[in-house]
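First the structure, in the form of structure tokens, and then the observations on it.
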2 protein chains.
Amino acid sequence: MTATSGRPAAASDAGRGAGGGLDDEGVGSGAVMDDTVAAVVRQWRSVHPALDTGPMEVIGRINRCAALLQQAEDAPLRRAGLSRPEFDLLGALRRTGHELTPSELAKETFSSGAAVTKRLKQLTERGLVERRGDARDRRVAHLRLTDAGRDLVDGILPEQLAYETAVLSVLAPEGQGELAGLLAELLGRLEGRMGALRA
Amino acid sequence: MTATSGRPAAASDAGRGAGGGLDDEGVGSGAVMDDTVAAVVRQWRSVHPALDTGPMEVIGRINRCAALLQQAEDAPLRRAGLSRPEFDLLGALRRTGHELTPSELAKETFSSGAAVTKRLKQLTERGLVERRGDARDRRVAHLRLTDAGRDLVDGILPEQLAYETAVLSVLAPEGQGELAGLLAELLGRLEGRMGALRA
DNA sequence: AGCATGTATTTTACTTGTAAAACACCATCG
DNA sequence: CGATGGTGTTTTACAAGTAAAATACATGCT
């Protein structure tokens, strides 16, 4: 749980046409799932038959999955009165185990410094986070979880993971593994290169 | 291109532990990519060794991929002065080929009615969309693209797809196909069930 | 016809995020 | 030492989304 913020989209991009051989079905099933994205791609192809709708099948689905998963995923968090960005921030403090500065929190949660400032203000007021000034450099602040904050995170985490496990169980374990692997490969390369391409 | 809105998150959830056998590497490569999510998962496991961090490997990566892809993907759109939600709306009108009501647009772009109202106001002012009242039922409106709107969409679409193709080319074609297939399976089942689970 | 109810759309009030500017402070160089 | 420039953080002004209330109609029932 817990990345940064989030709010994916609807349906989109290119089809798998560009790709190559393999068609659908990942591992075990046999039927081609007909999802929303497939329908959208079909519409585009009928309007612009010449277009290579390949990327839509991948990017459109990633976006749509992210949207659906987050909607679902946020449920356990809301029960605890936290938004996902808030939980991400607390989670960063919890998993690193040590204090972090606002800048570090921004990097860790993939959000802007201003957004972090606002969240910290609220979380501090709620008593989940504590602030300490740096002795050497009075510009920087160090944030840490209060006991209440730590307990909250530790309480939510198992629920969150259990819920996510349930949601993902629509895929067989091998499918989950394959998916994780492919996404890791894509993500690793995207994170590495990002910035090279400039449309 | 073009789902609805979007704005995924950082790193999160469970590991692949829950899953089963297979480890990484999707198809052709051999090295395990070390992405941001893997690092986050390692941190969580070192703090809470008992936790099943399985789902994180999948959900965290989907979110992060969506975030990165959108940031990149939006570039061609911004060049045309459109946000993705705006383009999604125009795209829905273009691909369906006929007029749509605000409600239908909301469904099609996965956004709220209020959001659609606001976007329509702007797009209409920009002369990309036209409104027509329904004769039978004066509550409903029918929206259609103007010539300028249609031309804009048709002009952007190829750029967008080409750009996405380039971004995805970090994955081999077979990898793209497998990924699309697995995501289709996940998405199809999520869209089918969503609502059943309630944490 | 008259009214209760339901639906399509918009409006309102508010929340949250962002970009850019403002602050506050360190560090270095002359 | 005092100006110059750079960095960490917060503030400001603004853009965009949401939930819930408000509007404006249509419908079905009596």
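Just so we're on the same page: letters track the sequence lines, and every chain starts at 1.
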Figure out the CZ/C1' separation between B:R84 and D:dA16, and round it to whole Å.
16 Å

Heavy atoms under 4.0 Å, any strand shown: does A:S112 hit a base, just sugar-phosphate, or nothing?
sugar-phosphate

Applying side chain to side chain donor-acceptor pair (under 3.5 Å) to A:T146 and not counting sequence neighbours gives none

Report the C-alpha separation of B:N63 and B:V37 in whole Å, then their side-chain angles, then the decisive distance to 0.1 Å, and conclude whether the side chain to side chain contact (heavy atoms under 4.5 Å, CB included) test is met.
CA-CA 10 Å; B:N63 286 334; B:V37 173; over 6 Å; no

With B:E130 via salt bridge (charged side-chain N to carboxylate O under 4.0 Å, His left out) - residues at least two apart:
B:R144

In this structure, how many angstroms lie between the C1' atom of C:dT10 and the CG atom of B:L143, rounded?
13 Å

Contacts of type side chain to side chain donor-acceptor pair (under 3.5 Å), residue A:R132, not counting sequence neighbours:
A:E99

Is it true that A:R136 and A:D134 make a salt bridge, defined as a side-chain N closer than 4.0 Å to a carboxylate O?
no

For DNA chain C, what residues of residues 96-107 of chain A have any heavy atom nearer than 4.0 Å?
none

Regarding the side chain of B:A114, the nearest nucleotide among D:dG8, D:dA20, D:dT10 is D:dA20

Taking CG from B:L82 and P from D:dA15, how many angstroms apart are they, rounded to a whole number?
17 Å

Under the rule for salt bridge (charged side-chain N to carboxylate O under 4.0 Å, His left out), what residues qualify as partners of A:R131, not counting sequence neighbours?
none

Without decimals, in angstroms, what is the distance between A:R138 CZ and C:dC23 P?
19 Å

Run the side chain to side chain donor-acceptor pair (under 3.5 Å) test against A:R150 and tell me which residues pass, sequence neighbours left out.
none

The criterion is side chain to side chain contact (heavy atoms under 4.5 Å, CB included); which residues satisfy it with B:A39, sequence neighbours excluded?
B:R42

Can you check side chain to side chain contact (heavy atoms under 4.5 Å, CB included) on A:E164 and A:V167, steps first, answer last?
CA-CA 5 Å; A:E164 293 178 3; A:V167 169; 5.6 Å; no

Contact list (N/O, under 3.5 angstrom) for nucleotides 4-6 of chain C vs protein:
unit_1 : atom_1 : unit_2 : atom_2 : d
C:dG6  : N2     : B:R139 : NH1    : 2.7

Can a salt bridge be assigned to the pair B:E185 and A:R61 using a cut-off of 4.0 Å between side-chain N and carboxylate O?
no

Determine whether the side chains of B:R119 and B:S111 contain a donor N or O and an acceptor N or O closer than 3.5 Å.
yes

Taking only residues two or more places apart in sequence, or in another chain, which ones meet B:D154 in a side chain to side chain donor-acceptor pair (under 3.5 Å)?
A:H48, B:R94

For A:R138, what residues pass the salt bridge (charged side-chain N to carboxylate O under 4.0 Å, His left out) criterion, not counting sequence neighbours?
none

For B:Q70 and C:dT18, what is the distance between atoms CD and P respectively, to the nearest whole Å?
13 Å

In residues 125-137 of chain A, which ones come under 4.0 Å of DNA chain D, going by heavy atoms?
A:R131

Kindly give the atom pairs (protein nitrogen or oxygen, nucleotide nitrogen or oxygen) under 3.5 Å for nucleotides 13-16 of chain C.
unit_1 : atom_1 : unit_2 : atom_2 : d
C:dT16 : OP2    : A:Q122 : OE1    : 3.3

5'-most contact on DNA chain D: A:V116 or B:A115, nearest heavy atom basis?
A:V116

Strictly below 4.0 Å, N to O, side chains only: are A:K121 and A:E125 in salt-bridge contact?
no

Could you give the CD-to-P distance, from A:Q71 to D:dG17, as a whole number of Å?
17 Å

